[in-house]
Amino acid sequence: TNPSPVDIEGFIEFYLGMTPDYQYLSHNGVYLGMTVFNDTNKVPVFDPATNRAEYISAKARTVIIDNRLLDESQRHRYRFTLGHEGGHDWMEWQANHLSAAVLMPKTPIIQMAKYHGDKLKYPPSMGMFIAQVSAVFDVSIQAATNRLKDLGYIKTNDTTDYSYASAIMDFAGVVGS
């Protein structure tokens with residue numbers, strides 16, 4: 001096969017699962033791209049029609065590329081900026097997983113899971129386990145849930161809302177006093 005350009009749009013959309021969007025990011029083109037990590041209605045963009053900045057809404061994992069890069073003369077910069085923004089998403093994922101591994105080491109979690117045994121297949125018991133991991137390692141319920149998914153205790157496609165685990169922690173604090 002002959003060398004050829006990488007389909008960077010396909011890589012961003014289908015491999016990284018990100019959604020490209022195109023806006024004017026500034027009045028003078030100083031910002032070329034932006035990665036949105038969380039759903040928000042506060043993404044600053046520039047509206048050339050009014051010559052003013054305004055906010056738009058964007059979903060998590062959106063890559064916003066400045067409209068100026070859509071000009072054919074900017075093709076190389078456009079491709080590089082898409083790849084660059086995809087790298088931010090990858091680094092965010094790596095940073096989150098590293099932090100979780102440091103704050104919630106695997107071996108102590110395995111020991112804690114052994115205590116719960118087969119009960120972990122039931123959502124209320126899993127909620128208690130999540131609350132325990134959260135309390136022991138001083139992390140959020142969401143961080144504990146994500147770490148337990150990484151370690152295989154919760155299926156990655158599990159959409160159960162374990163936020164009730166924080167109520168379990170609060171109740172345990174009252175009972176334990």
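The minimum heavy-atom distance between Lys119 and Ser125, with the atom names listed, is O-CB, 2.9 Å. The two atoms that bring Met104 and Arg147 nearest to each other are O-NE, 2.9 Å, heavy atoms only. Closest approach of Ser134 to Ser140, counting heavy atoms only: OG-C, 3.7 Å. Here the shortest heavy-atom pairing between Val63 and Ile65 reads CG1-CD1, 3.7 Å. Taking both residues in full, the closest heavy atoms of Ser57 and Asn41 are given as OG-CB, 3.3 Å, listed atom of the first, atom of the second, then distance. Here the closest heavy-atom approach between residue Lys149 and residue Lys155 is recorded as CE-O, 3.8 Å.
With contacts defined as side-chain heavy-atom distances shorter than 4.5 Å, the pair Thr107/Pro105 does not qualify. Under the 4.5 Å side-chain criterion, counting only non-hydrogen atoms from C-beta, Val43 is in contact with Met34. In this structure, the side chains of Ile109 and Phe129 come closer than 4.5 Å at one or more pairs of heavy atoms. Between Ile110 and Tyr153, some side-chain heavy-atom pair lies under the 4.5 Å cut-off.
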Decide yes or no on side chain to side chain contact (heavy atoms under 4.5 Å, CB included) for Leu32 and Phe80, but give the supporting numbers first.
CA-CA 10 Å; Leu32 302 179; Phe80 192 87; over 6 Å; no
Please report the C-alpha distance between Phe37 and His88 in whole Å, then the side-chain angles of each, then the deciding distance to 0.1 Å, and finally whether the side chain to side chain contact (heavy atoms under 4.5 Å, CB included) criterion is met.
CA-CA 9 Å; Phe37 294 106; His88 285 299; 4.1 Å; yes
Q.
For a side chain to side chain contact (heavy atoms under 4.5 Å, CB included) check, start with the C-alpha distance between Asp7 and Glu9, then their side-chain angles and the critical distance, and finish with the verdict.
A. CA-CA 6 Å; Asp7 175 8; Glu9 291 96 344; 3.5 Å; yes
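With rounding to the nearest 0.5 Å, the separation of CZ in Phe46 from OG in Ser26 is 8.0 Å. For the atom pair OH (Tyr78) and CG (Asp66), the distance works out to 12.0 Å, reported to the nearest 0.5 Å. Note: Ile64 CD1 to Thr81 OG1 = 13.5 Å, rounded to the nearest 0.5 Å. Taken from CD1 in Ile12 to CG in Leu82, the straight-line distance is 5.5 Å, to the nearest 0.5 Å.
Under a cut-off of 6.0 angstrom, the local environment of CG in Asp138 is sparse, with at most 12 non-hydrogen atoms contributed by other residues, nucleotides or ligands. By the neighbour-count criterion of 12 heavy atoms within 6.0 Å, atom CZ of Arg77 is sparsely surrounded, having that number or fewer from other residues, nucleotides or ligands. Surrounding CZ of Phe137 are more than 12 heavy atoms belonging to other residues, nucleotides or ligands, all under 6.0 Å away. By the neighbour-count criterion of 12 heavy atoms within 6.0 Å, atom CG of Asp118 is sparsely surrounded, having that number or fewer from other residues, nucleotides or ligands. Other residues, nucleotides and ligands contribute only 12 or fewer heavy atoms inside 6.0 Å of the CG atom of Asn2. Dense packing is recorded around OH of Tyr22, with more than 12 heavy atoms of other residues, nucleotides or ligands lying under 6.0 Å away.
Taking the six-membered ring for Trp and thresholds of 30 and 60 degrees, Trp93 and His97 have ring planes inclined between 30 and 60 degrees apart.
Judged by distance alone, with hydrogens and angles left aside, the side-chain atoms of Thr19 form no donor-acceptor pair with the main-chain N or O of Thr62 at under 3.5 Å.
Ion pair Asp89/Arg61 flagged as a salt bridge, since at least one NZ, NE, NH1 or NH2 atom sits closer than 4.0 Å to an Asp/Glu carboxylate oxygen.
For Thr40 and Asn38, the side-chain atoms include no donor-acceptor pair closer than 3.5 Å.
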